[in-house]
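One structure below.
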Amino acid sequence: MAACLDGRCDGSGFLFDEETRRAYSCSCRPRLQARKRANAVAGRIPKAFRGVSFDREPVPSLRAQYPHVLRRVQVYCDTISEQLERGRGLWFTGDLGTGKTTLAMLISKTAMERDHTVAIYSLPRLLSMLRETFRDDSAHSLNQLIDMLCSVDLLHIDDVGAEQTSPWVLEQLYTVVNTRYEDQRSIVLTTNLIKAERKRPAKLSPDDDWDERPDAELRAQIGERTVSRLYEMCEDPLPMFGDDRRPEMQFNVPEPVAAAHRTPDPFDDTRWEDDGPRYGQPRR
Ligand SMILES: Nc1ncnc2c1ncn2[C@@H]1O[C@H](COP(=O)(O)OP(=O)(O)O)[C@@H](O)[C@H]1O
Ligand SMILES: [Mg+2]
């Protein structure tokens, strides 16, 4: 146990009065609890997003770019306990690298800081965990996993995109989303499968079917019923369309370092002696 921040208790946050035989809170206790909460957050928010906050970049830039979205996120975070109590959620859609995961992490972090339980998974990870419950060496049974996913105050599903999956796995996903819907438990989700619009491709013949609903890809990927539930919990998805901001970061490479060794000049005969034998030169 770490030492008391005020040098008074044994680090537990409690002082014990021998005479009355009663324990009472030490002056360090509020800070001790805040530190525990911070550690809990650090353990569960992916490292790249641990420092996310309203007053740190990229959130102020996102506010300038998507004022309407940030207003919704701000209100949601300011009233987080009430939102979670009512089972209200939010979902973000848009192109890759526009800040969707950043805002969803901001919500998860806010929830954890207010002592709510949160589970964060990317959809591919969540689906593979469901799939793996079939394996003999699986850490938990399907029921245990579903119970866990249904009982946290906030379930954050990141990165709902196009990938291979099976009807059985999608049925389990529906069970999770529907159970949360019925129990009024919130979901926060990010996806790139709801478009601003879906234009009918010119090469399609008039006989070919074309689903022009902006969310057609999401419906095809995770199923109509699951998507309908999400609308009921999260209302309209918050649109974040724009340029991918990630390459800017990737090209931020260090300055080239000067080469440590000069490439030998083959015509510089002053260096021949220490260079050792050369083809075409008599050995000395
Ligand atoms: N508007 C922005 N200005 C500056 N950096 C941004 C902006 N939006 C996103 N980023 C940065 O780009 C990266 C990708 O953001 P992320 O939230 O993962 O995007 P998405 O989930 O939409 O793909 C992160 O490093 C984030 O800090
Ligand atoms: Mg993302």
Side-chain angles (χ1 to χ4, degrees), residues 41-77 80 89-113 118-129 149 152 154-165 173 176-177 186-198 214-222 226-227 230-231 233-254:
V41 170
R44 279 153 29 224
I45 297 265
K47 208 169 173 190
F49 295 98
R50 258 172 228 172
V52 66
S53 104
F54 279 103
D55 47 22
R56 275 180 69 172
E57 285 298 344
V59 180
S61 301
L62 291 169
R63 192 188 292 280
Q65 207 177 346
Y66 308 102
H68 163 73
V69 173
L70 263 290
R71 259 196 304 278
R72 290 286 305 274
V73 174
Q74 183 87 58
V75 169
Y76 192 92
C77 287
I80 189 98
L90 285 182
W91 53 345
F92 303 87
T93 189
D95 304 306
L96 279 180
T98 55
K100 300 181 297 297
T101 297
T102 304
L103 295 184
M105 290 295 173
L106 183 55
I107 293 172
S108 285
K109 189 179 169 202
T110 305
M112 286 182 198
E113 284 170 347
V118 182
I120 306 175
Y121 293 101
S122 69
L123 187 70
R125 171 94 184 97
L126 186 62
L127 298 184
S128 82
M129 280 171 54
L149 294 172
V152 286
L154 176 64
L155 177 61
H156 169 171
I157 308 179
D158 210 74
D159 226 358
V160 178
E163 57 143 12
Q164 281 287 326
T165 187
L173 180 67
V176 170
V177 171
S186 306
I187 291 183
V188 161
L189 184 145
T190 73
T191 184
N192 61 357
L193 293 184
I194 304 179
K195 306 297 184 205
E197 60 173 344
R198 265 167 61 80
D215 55 11
E217 280 179 82
L218 184 68
R219 290 176 182 276
Q221 181 66 33
I222 63 171
T226 303
V227 173
L230 288 171
Y231 276 104
M233 302 164 89
C234 308
E235 298 176 16
D236 284 337
L238 302 175
M240 298 181 72
F241 295 97
D243 295 332
D244 187 346
R245 305 304 291 256
R246 288 172 304 176
E248 288 173 23
M249 326 274 284
Q250 278 159 19
F251 292 132
N252 189 10
V253 292

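This one's a predicted model, so the numbers in the text were calculated from it and none came from an experiment. Remember, it's 1-based here, ligands and their atoms both numbered in the order they're listed.
At a cut-off of 3.5 Å, with distance as the only test, a side-chain donor of D158 or T101 sits close to an acceptor on the other residue.
When each of D236, T98, T191, T190 is paired with T93, the side chain to side chain contact (heavy atoms under 4.5 Å, CB included) condition holds for T191 and for no other.
Considering both main-chain and side-chain atoms, G97 comes within under 3.5 Å of ligand 1 through a nitrogen or oxygen pair. Close N/O approach between S61 and ligand 1 is not found [any backbone or side-chain N/O within under 3.5 Å]. Between G99 and ligand 1, at least one N/O pair is under 3.5 Å apart.
Excluding waters, the set of protein N/O/S atoms under 2.8 Å from the Mg ion (ligand 2) reads T101 OG1.
Of all atoms in ligand 1, numbered sequentially from 1 with element shown, those under 4.0 Å from a heavy atom of Q65 are 1 (N).
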Please lay out, stage by stage, how I80 and I107 fare under the test side-chain contact (heavy atoms from CB on, under 4.5 Å). CA-CA 8 Å; I80 189 98; I107 293 172; 4.1 Å; yes
L103 and L70: side-chain contact (heavy atoms from CB on, under 4.5 Å), yes or no, with the steps? CA-CA 8 Å; L103 295 184; L70 263 290; 3.8 Å; yes
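Between T190 and ligand 1 there is no heavy-atom distance shorter than 4.0 Å.
Side-chain N or O atoms of Y231 include none that pairs as donor or acceptor with a backbone N or O of P237 at under 3.5 Å. Looking at K109, its side chain never comes within 3.5 Å of a backbone N or O of I45 through a donor-acceptor pair. Checking side-chain atoms of D95 against main-chain N and O of G242 turns up a donor-acceptor pair under 3.5 Å.
A search for side chain to side chain contact (heavy atoms under 4.5 Å, CB included) contacts involving E163 returns P124, L127, Q221, not counting sequence neighbours.
Contacts of E57 with ligand 1, taken as heavy-atom pairs under 4.0 Å, are absent altogether.
With a 4.5 Å cut-off on side-chain heavy atoms, I120 and M105 count as touching.
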